[in-house]
Amino acid sequence: MKKVLALVSSLLLVGGTQAYAATDATTDTTKAMSNIAVVNVQQILQQSPKIADINKKLQGTFKPRQETLLAEQKALQDEMDKFKKDSATMSNSDKDAAQKKIQGDQADLVKKVTAFQTDLNKEQNKQMQSVLSQLNEIISGIAKKNSYTVVFDSQAVIYAKDGADITKQVVTQFDSK
């Protein structure tokens, strides 16, 4: 009988210790969960007047070049239409010369369009890197100030309490810089 009581006491002691440890772990998890925040970077990028200004600047810089390319494309199309219309009455040597000219103009236009797209992409990436660097600094500052251990992009989070969303704080600081 004494052995049974000793065994039951031992089990209760071990069970109580495990229950305390589980409570402690739950408390630690709850503390860790309360130090997590989310930010909607996509929303910031879509709604920020600063981003709109960057887009206007890029458009102003690249619009003349784009208009030139569109004019060259229209001229090439007109040249191709004229060739189709007049090819029936042209001599073989004139047809060959016209086709070579059209092919050369097409190749030249493709090179220009490719260079334009490359330059535009480079500038967009450069501007975006600058913006993302600023956002990361702001988010890190808010996280440190509020003792957040982790900040996730809200696009990667299924659910978060409203209090854990720091998007408005980030927008305020980002637009003011």
Side-chain angles (χ1 to χ4, degrees), residues 14-78 103-177:
V14 170
T17 304
Q18 287 176 344
Y20 176 75
T23 302
D24 234 14
T26 303
T27 304
D28 288 344
T29 304
T30 304
K31 285 180 187 176
M33 294 296 277
S34 67
N35 290 336
I36 295 175
V38 295
V39 63
N40 191 334
V41 175
Q42 184 177 2
Q43 177 185 342
I44 295 168
L45 295 176
Q46 288 175 347
Q47 297 177 353
S48 174
K50 200 173 197 179
I51 301 298
D53 290 343
I54 290 170
N55 286 334
K56 284 180 187 175
K57 179 183 169 191
L58 284 171
Q59 190 174 32
T61 302
F62 286 92
K63 188 162 181 96
R65 205 166 145 194
Q66 181 181 19
E67 288 174 350
T68 301
L69 290 172
L70 289 173
E72 287 182 27
Q73 182 180 11
K74 185 181 180 335
L76 179 62
Q77 185 62 47
D78 291 344
Q103 289 173 349
D105 290 348
Q106 280 179 325
D108 186 44
L109 183 60
V110 167
K111 286 178 187 175
K112 288 179 181 179
V113 168
T114 302
F116 172 77
Q117 289 174 336
T118 300
D119 293 346
L120 178 61
N121 287 339
K122 276 184 188 176
E123 190 59 30
Q124 284 175 331
N125 288 338
K126 180 180 168 186
Q127 295 294 329
M128 192 55 99
Q129 289 297 333
S130 174
V131 165
L132 292 176
S133 176
Q134 289 176 13
L135 284 175
N136 283 337
E137 287 178 26
I138 292 167
I139 293 167
S140 295
I142 291 171
K144 289 175 185 172
K145 180 181 173 187
N146 294 310
S147 300
Y148 292 122
T149 54
V150 178
V151 178
F152 289 107
D153 186 343
S154 65
Q155 301 298 316
V157 175
I158 295 172
Y159 172 79
K161 290 183 183 179
D162 290 337
D165 189 347
I166 61 171
T167 303
K168 289 178 184 174
Q169 295 171 345
V170 174
V171 167
T172 303
Q173 287 186 28
F174 179 66
D175 288 340
S176 69
K177 284 189 176 184

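Below, all heavy atoms of this structure are taken into account, side chains as well, without hydrogens, waters or symmetry copies. Because the structure is predicted, anything quoted here is derived from the model rather than measured.
For the pair Asn55 and Gln59, the minimum side-chain heavy-atom distance is 4.5 Å or more. A 4.5 Å side-chain heavy-atom check between Leu109 and Leu69 finds at least one atom pair inside the cut-off. The shortest distance between side-chain heavy atoms of Ile139 and Tyr148 does not fall below 4.5 Å. Looking only at side-chain heavy atoms (C-beta outward), Gln43 and Thr167 come within less than 4.5 Å of each other. Within the 4.5 Å cutoff, the side chain of Asp175 has heavy atoms near those of the Pro49 side chain. Looking at heavy atoms from C-beta onward, Arg65 lies in side-chain contact with Asp119 at the 4.5 angstrom threshold.
Here CD1 of Ile142 is found 5.0 Å from CD1 of Ile166. Values are rounded to the nearest 0.5 Å. Here the straight-line distance linking atom NZ of Lys50 with atom CD of Gln127 works out to 11.0 Å at 0.5 Å rounding. In this structure, the separation between CZ on Phe174 and CD on Gln169 is 16.0 Å, given to the nearest 0.5 Å. The CG atom of Asp53 lies 11.0 Å from the CG atom of Leu58; values are rounded to the nearest 0.5 Å. Interatomic distance, OG1 of Thr61 versus CD of Gln66, reported as 12.5 Å (0.5 Å rounding).
A donor-acceptor pair under 3.5 Å is absent between the side-chain atoms of Asp108 and the main chain of Gly104, judged by distance alone.
Pairing each heavy atom of Gly60 with each of Pro64, the nearest pair is O-CD, 3.4 Å. Scanning both residues, Phe62 and Phe116, for their nearest heavy atoms gives O-CE1, 3.6 Å.
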task = Please test Lys126 against Glu123 for side-chain contact (heavy atoms from CB on, under 4.5 Å), starting from the C-alpha separation and ending with a verdict.
result = CA-CA 5 Å; Lys126 180 180 168 186; Glu123 190 59 30; 4.0 Å; yes
request  = Test Glu72 against Thr68 for side-chain contact (heavy atoms from CB on, under 4.5 Å), laying out the working first.
outcome  = CA-CA 6 Å; Glu72 287 182 27; Thr68 301; 3.6 Å; yes
message = Show, in sequence, the C-alpha distance, side-chain angles and deciding distance for Leu135 and Leu45, and conclude whether the side-chain contact (heavy atoms from CB on, under 4.5 Å) test is met.
response = CA-CA 10 Å; Leu135 284 175; Leu45 295 176; 4.1 Å; yes
request  = Verify side-chain contact (heavy atoms from CB on, under 4.5 Å) between Asn40 and Ile44, making sure each step is shown before the conclusion.
outcome  = CA-CA 7 Å; Asn40 191 334; Ile44 295 168; 5.8 Å; no
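Checking Val170, Thr172, Val39 one by one against Ile138, the side chain to side chain contact (heavy atoms under 4.5 Å, CB included) holds for a single residue, Val170.
Between the side chains of Gln73 and Gln77, no donor N or O sits under 3.5 Å from an acceptor N or O.
Between Asp78 and Lys74 there is a salt bridge, with a side-chain nitrogen of the basic residue lying less than 4.0 Å from a carboxylate oxygen of the acidic one.
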